Amino acid sequence: MEEKENYSQDVLRHSASHIMAQAVKRLFPQAKLGIGPPIRDGFYYDFDIDGEVLSHNLDRIEEEMRKIVREDLPFEKEMVSKEKARKIFEEREEPYKLELLEEIEDDEVSLYRQGEFVDLCRGPHVRSTGEVKFFRLLSLAGAYWRGKEGNPMLSRIYGTAFFKKEDLDSYLNRIEEAKKRDHRKLGKSLDLFSLSSELGAGLVIYHPKGAILREILERFEKEEHLKRGYQPVITPHISRAHLWKQSGHLDYYRENMYVFSLGKEEYVVKPMNCPGHILVYNSKIRSYRDLPLRYFELGTVYRREDSGVLHGLLRVRGFTQDDAHIFCMPSQLVDEVREVLRFVLFMMKTFRLGYQMTLSTRPRKYIGSPENWERATQALTTALEKENIPFEVAQGEGAFYGPKIDVQMEDALGRLWQGPTIQVDFNLPERFDLTYIAPSGKKERVVMIHRVVLGTMERFIGILIEHWGGAFPVWLSPVQVRILTVTTKESLFAWQVYQKMMSEGIRVEVDDDNAMLGYKVRQAQLEKIPYMVIIGPREKEKEIITVRTRDGENLRGLEISEFIEMVKTKIEDKS
RNA sequence: GCCGACGUAGCUCAAUGGUAGAGCAGCUGAUUCGUAAUCAGCAGGUUGUAGGUUCGAAUCCUAUCGUCGGCUCCA
């Protein structure tokens, strides 16, 4: 039922994209048509025309679309020979359509016409343009023809369409609401972090409130890793280029690396932590009895990402991974991956985050033997199955050095970002000759797993901000309690209460400004502080407190110790 | 990196070739007040940066840095 509903909504949107294309062709006959499919929340159509022209005329295009809708032109399907279709698109000078046509294997192709407009299209469509009533053009973007970087850049118009006006309105509304949860906006208003052009693009400054949030996450990470048999290691931020030559990064990844010369020597700012961890492993001979070895580091790395892909905290140039490398025997692979998966699930549950998992398999270009790939892929699959985790398979999407499991998390607008990832690596063990002495006394090749369980501190904090809309659970809140005085006369008592809470490890502040209570409540509310402790003459006299939660609930007449216990329990429970 | 849009006070925004302005925040003073904004005054800007056009530029042009939406990339 639901599938059918989606299907017909896709049809509606696909039809809307044809109407848009018709409108563009009417206004700008020189525009060449690309493709125009429905997508998750709407549709788009690509045109080969100066994007500036379109961007200045989105309103006119939408107006023309409404006209086409009023004309109520029927969508007419027509089966024609490829030969005839070719003639039609040659006449209309549509090179991209001709290119698509050549790739269709059937002798007959379907065309859809509405009025003077004709498109090569599989369909289906709604009956007539009059059925497409509620739509909106949303944005304009460049997009490479067929998604290939070397191809010409076309101009893509995004839009959306719904059967009902209410649905369109609520969709537009939802986008507006989601924008309020944008971590870049909240990061500013909650004073968590900033990015500064003086520093450089993609480099994050954590302000005190963002830094304490990160500090809490890092402490938590360290504890949890120690509980699971990881050994902390620490490796430098820069190293001789030689190391990266051996790892292969200088050959494959150089354009993303910060490389600098010092006298005769070339140095590299690390873009990854693996070579450092490998040096730890290779610092002595390893026995099978030592394995698995799990080295953990909150490793800060720098990568020169393309300027166009930077995005707040979610895509940056300097970031800290909760990185670990597991060195194990092939026979230990499944168990190790299972443990990591459990770790990831534990994290997702602790932070109440939704996610989806993808298993990426062998790409066309790869290193290592097909048998090893098969075995590793099988190990990952087995681990996923044994943990009962639903996952999708991305055929051929693995790294060239091994298969991987990626975990994606959603931002406020539903865009997916990779967080945790578990990658098997056949490459580095070869390049660095990573071995252990087997029971037989012979050297064997070690298996290496790269894994992060949150991903990076930056991205994870970004996702957390959007997930909670800035209203973090108590244990993560930069300020857990703010004490508000009703008049300045309660100041002394307020600071006494502050001392008690502070000494219990609660992050607490006092607002004893000479301002009205309503004003202070509003400030605390805007800062999304979980608890406001209100102290007026009544409380001062009886040495009790009144607590207002950020949800607006009031708890009156609490003993101070009672409240402290309550907050500590919340922190303990991570709720 | 590519396409398009954008960049004005700490923040949110106004000023379409003719003297840069408002609200909030900040500071000073008054007010001592009970759950989302008390009142008044003051201060705050080489309009991202660098060039250019013009009698005159926030406004037009060029370059550059950065931001936003996509595309591509994501060892």
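Both backbone and side-chain heavy atoms feed into the values below; hydrogens, waters and symmetry mates do not. Note that this is a predicted model, so its numbers are computed, not measured. A, B, ... follow the sequence lines: proteins, then strands. Residue 1 opens every chain.
Counting distance only, with no hydrogens placed and no angle test, the side-chain atoms of R556(A) and the base atoms of U35(B) include a donor-acceptor pair under 3.5 Å. With hydrogens and angles ignored, a donor-acceptor pair closer than 3.5 Å exists between the side chain of E539(A) and the base of G34(B). You won't find any donor-acceptor pair under 3.5 Å spanning the side chain of R303(A) and the base of C73(B), going by distance alone. The base of G70(B) is not paired with the side chain of Y144(A) by any donor and acceptor separated by under 3.5 Å.
With rounding to whole Å, L190(A) atom CG is found 13 Å from C11(B) atom C1'. In this structure, CD of E305(A) is placed 16 Å from P of U72(B), rounded to the nearest angstrom. Rounded to an integer number of Å, the gap from CD1 of I157(A) to C1' of G69(B) is 14 Å. A straight line from CD1 of I483(A) to P of U35(B) spans 19 Å, rounded to a whole angstrom. The distance from atom OH of Y44(A) to atom P of G69(B) is 19 Å, rounded to the nearest whole Å. Rounded to whole Å, atom P of G69(B) lies 14 Å from atom CZ of R315(A). Rounded to whole angstrom, the span from the CD atom of E527(A) across to the P atom of A37(B) amounts to 15 Å.
Nucleic acid contact class of D182(A) (heavy atoms, under 4.0 Å, all strands): none. Across all strands shown, M272(A) has heavy atoms under 4.0 Å from sugar-phosphate atoms exclusively, and none from any base. Within the nucleic acid shown, G147(A) comes within 4.0 Å of sugar-phosphate atoms alone, with no base atom in reach, counting heavy atoms only. Residue G518(A) is classed as a sugar-phosphate contact, given heavy-atom separations below 4.0 Å to backbone atoms only. Residue contacts shown for S189(A) are absent, as no nucleic acid heavy atom lies under 4.0 Å away.
Proximity of S55(A) to the phosphate of A5(B): a side-chain N or O atom is located under 4.0 Å from OP1 or OP2. Taking 4.0 angstrom as the limit, R415(A) places a side-chain polar atom (N or O) nearer than this to OP1 or OP2 of G70(B). Using a 4.0 Å cut-off, some side-chain N or O of R184(A) falls inside it from OP1 or OP2 of G69(B). Neither OP1 nor OP2 of U67(B) sits under 4.0 Å from any side-chain N or O of H311(A). A sub-4.0 Å separation between OP1 or OP2 of G4(B) and a side-chain N or O of H56(A) is absent. Using a 4.0 Å cut-off, some side-chain N or O of K188(A) falls inside it from OP1 or OP2 of U12(B). Taking only side-chain nitrogens and oxygens, S307(A) comes nearer than 4.0 Å to OP1 or OP2 of G1(B). Applying the 4.0 Å criterion to OP1 and OP2 of A25(B), one finds that Y519(A) has a side-chain N or O inside that range. Dashed line: the shortest gap from a side-chain N or O of R548(A) to OP1 or OP2 of A36(B) is under 4.0 Å.
Using a 4.5 Å cut-off on side-chain heavy atoms (C-beta onward), D511(A) and I483(A) make no contact.
Checked by atom type and distance alone, the side chain of R550(A) pairs as donor or acceptor with a backbone atom of K528(A) at under 3.5 Å. At least one donor-acceptor pair closer than 3.5 Å links the side chain of H183(A) to the backbone N or O of L313(A).
The partner of C39(B) is G29(B), by the rule that a Watson-Crick or G-U pair needs both atom distances under 3.5 Å. Partner assigned to A20(B) is none, using Watson-Crick or G-U wobble distances below 3.5 angstrom. Base pairing analysis places G7(B) opposite C65(B); the two distances defining the Watson-Crick or G-U wobble pair are each below 3.5 Å. Base-pair partner of C2(B): G70(B) (Watson-Crick or G-U wobble, both distances under 3.5 Å). The partner of A14(B) cannot be assigned: no Watson-Crick or G-U wobble pair with both contacts below 3.5 Å exists in any strand.
Note on ring orientation: taking the six-membered ring where Trp is involved, the planes of Y401(A) and H450(A) are tilted (angle from 30° to 60°). Taking the six-membered ring where tryptophan is involved, the planes of Y281(A) and F327(A) are essentially parallel, since the angle between them stays under 30° and well short of 60°. A tilted orientation is assigned to the rings of F162(A) and Y171(A), their planes being inclined by 30° to 60°.
The nearest heavy atom of RNA chain B to N256(A) and to R538(A) marks one nucleotide each, and the one closer to the 5' end goes with R538(A). Between D306(A) and I534(A), it is D306(A) whose nearest contact on RNA chain B lies nearer the 5' terminus.
Spacing between C33(B) and G69(B) at atom C1', rounded to whole Å, works out to 47 Å. Only the P atoms considered, G56(B) is 15 Å distant from A20(B), to the nearest whole Å. Remark: the separation of the P atoms in C39(B) and U59(B) is 37 Å, to the nearest Å. Rounded to whole Å, the P atom of G44(B) lies 25 Å from the corresponding atom of G7(B). Between the C1' atoms of U62(B) and C24(B), the separation comes to 37 Å (whole Å). Taking atom C1' on both U72(B) and G10(B), the two are 37 Å apart, rounded to the nearest angstrom. Separation of the P atoms belonging to C42(B) and U49(B) is 28 Å when rounded to the nearest angstrom. Comparing the P positions of U28(B) and A43(B) gives an interatomic distance of 15 Å, to the nearest angstrom.
A donor-acceptor contact closer than 3.5 angstrom links the side chains of S491(A) and D512(A).
The number of heavy atoms from other shown groups lying within 6.0 Å of CZ (R136(A)) does not exceed 12.
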